[in-house]
Amino acid sequence: PTSQWTGSQNSIVSEMVTAMDQAIAAKVMGIAVALIDPVAFNTPTDNALNKGIPVLAYNADEPGNSRMCYIGQSNTSAGQAAAKRIVKLVPKGGLVGMVIATPGSGNIQPRIDGALPVFKAAGLETAVVAGGALQAAELTAVQAWWEGHKNVKFLYSVDSGDSIAVATLIAKNNLKGKVGGSGWDVGTPVLQQVQAGALSFTIDQQAYLQGFVPVVQMFLYNISAGLMQPCDTNTGLGFVTSANVAPY
């Protein structure tokens, strides 16, 4: 058997659902899907399972979906943990820009939802910065937002592309020590700025495992004729700081 990536380059739910329907029609041996919408994937998931096709969720989960398991981190609690670090670095009343590619998306919105109560309790102001799903757009959007909000004290990014945009912004505009920042995932520009001290931390959610483990579990399910059932896998929450960035 061979694996194939399909879905949507711009995180468009309807395109992802269509891709899933096409995979079901093609009688694939398994489907791994990021459940970024609370209801849109329920029907295709049920259709696949009814046809004996295993469906696993990775990176984003929805409790109302009948997928067989979830492989990823708890995005809400990860957002809470990130915010607890950030509030120690921002004075009361300071503005935190929460940078997100696609607001409302089930894999990254919970990282903001988890952080917001922590920021509010600490007396911080917040604003959502929508970067867009594509890297070039994120770089432009973050730069433009900062130019209009130079009073911002911290930029909290919740996805890989926007983390690179924040890291690039801080480096390009010499903002180290003036505007704090944090990232998500371990892209090279992000790690470089963590090492340089321009970003306080980034979060390692083990994205490699989130792609690798579903493939292994689908293989085991198929080779065992369904006896090896897919199981939940918490890929964890690791903070990458200047103290431990070197191995990365």
Side-chain angles (χ1 to χ4, degrees), residues 75 78-103 105 107-205 207 237-248:
N75 288 306
Q80 293 171 343
K84 288 178 181 178
R85 287 187 171 231
I86 292 169
V87 298
K88 297 176 182 178
L89 305 172
V90 182
K92 188 173 182 178
L95 175 62
V96 176
M98 303 181 298
V99 192
I100 178 171
T102 46
S105 185
N107 56 337
I108 50 181
Q109 182 66 42
R111 298 169 184 172
I112 285 182
D113 295 342
L116 269 173
V118 180
F119 290 147
K120 184 177 180 181
L124 302 183
E125 298 294 324
T126 59
V128 173
V129 186
L134 300 179
Q135 181 68 70
E138 289 168 325
L139 290 166
T140 302
V142 171
Q143 176 75 28
W145 187 86
W146 170 73
E147 288 175 355
H149 302 82
K150 291 190 176 182
N151 62 321
V152 66
K153 299 299 182 184
F154 200 98
L155 290 168
Y156 163 56
S157 49
V158 299
D159 60 87
S160 179
D162 281 306
S163 299
I164 292 173
V166 167
T168 303
L169 172 82
I170 291 175
K172 176 182 175 182
N173 296 281
N174 299 312
L175 297 177
K176 179 181 176 181
K178 303 172 185 176
V179 178
S182 67
W184 215 286
D185 292 325
V186 290
T188 299
V190 177
L191 295 174
Q192 289 171 339
Q193 294 309 312
V194 169
Q195 190 168 47
L199 293 182
S200 298
F201 63 85
T202 190
I203 289 175
D204 183 6
Q205 62 173 322
L237 168 62
F239 285 98
V240 183
T241 68
S242 59
N244 65 350
V245 70
Y248 285 86

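Excluded from the calculations below are hydrogen atoms, water molecules and symmetry mates; all remaining heavy atoms, backbone and side chain alike, are included. Nothing fancy with the numbering, it's 1 onward along the sequence. No experiment lies behind these values; they were computed from the predicted model shown.
V186 and L191 get closest at one heavy-atom pair: O-CD1, 3.5 Å. Heavy atoms only, all atoms of each residue included: A82 and I203 are closest at CB-CD1, 3.8 Å. Taking every heavy atom of both residues into account, N107 and P110 meet most closely at C-CD, 4.1 Å. What you find for L199 and S182 is that their closest heavy atoms are CD2-N, 3.9 Å.
Contacts of A130 classified as side-chain contact (heavy atoms from CB on, under 4.5 Å), with partners at least two apart in sequence or in another chain: P103. In this structure D204 satisfies the side-chain hydrogen bond (donor to acceptor under 3.5 Å, both in side chains) test together with Q206, Y248, sequence neighbours excluded. For A122, the side-chain contact (heavy atoms from CB on, under 4.5 Å) test picks out V87, L124, with sequence neighbours left out. Not counting sequence neighbours, the partners of L89 by the side-chain contact (heavy atoms from CB on, under 4.5 Å) test are F154, S200. The side-chain contact (heavy atoms from CB on, under 4.5 Å) test applied to N151 returns L95, H149, not counting sequence neighbours. Here Q195 pairs with nothing under the side-chain hydrogen bond (donor to acceptor under 3.5 Å, both in side chains) rule; sequence neighbours left out. Judged as a ring-ring contact (aromatic ring centres under 6.0 Å, His included), and not counting sequence neighbours, W146 has no contacts.
Atoms CD and CG, on Q80 and D113 in that order, are 10.0 Å from each other to the nearest 0.5 Å.
A 4.5 Å side-chain heavy-atom check between Q205 and D185 finds at least one atom pair inside the cut-off. Here the side chains of K150 and N173 are not in contact, with every heavy-atom distance at 4.5 Å or above.
Among pairs with a residue in residues 123-136, none fulfils side chain to side chain donor-acceptor pair (under 3.5 Å), at least two apart in sequence or across chains. Residue pairs meeting the ring pair (Phe, Tyr, Trp, His ring centres under 6.0 Å) criterion with at least one member in residues 122-144: none, sequence neighbours excluded. Residue pairs satisfying the ring pair (Phe, Tyr, Trp, His ring centres under 6.0 Å) criterion with at least one member in residues 109-128, sequence neighbours excluded, are listed as follows: F119-Y156.
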For residues 158-172, run the donor-acceptor check on the side chains, cut-off 3.5 Å, and write out each pair with its distance to 0.1 Å, sequence neighbours left out.
residue: D159; atom: OD1; partner: G161; partner atom: N; Å: 3.4
residue: D159; atom: OD1; partner: D162; partner atom: N; Å: 3.0
residue: D159; atom: OD2; partner: A101; partner atom: N; Å: 2.9
residue: D162; atom: OD2; partner: A101; partner atom: N; Å: 2.8
residue: S163; atom: OG; partner: S157; partner atom: OG; Å: 3.1
residue: S163; atom: OG; partner: D159; partner atom: O; Å: 2.7
residue: S163; atom: OG; partner: W184; partner atom: N; Å: 2.7
residue: S163; atom: OG; partner: W184; partner atom: O; Å: 3.2
residue: T168; atom: OG1; partner: I164; partner atom: O; Å: 2.7

- Message: What verdict does the side chain to side chain contact (heavy atoms under 4.5 Å, CB included) test give for F239 and N244, after you've listed the backbone C-alpha separation in whole Å, the side-chain angles of each residue and the deciding distance to 0.1 Å?
- Response: CA-CA 9 Å; F239 285 98; N244 65 350; 5.9 Å; no

- Message: Show, in sequence, the C-alpha distance, side-chain angles and deciding distance for E138 and V99, and conclude whether the side chain to side chain contact (heavy atoms under 4.5 Å, CB included) test is met.
- Response: CA-CA 9 Å; E138 289 168 325; V99 192; over 6 Å; no

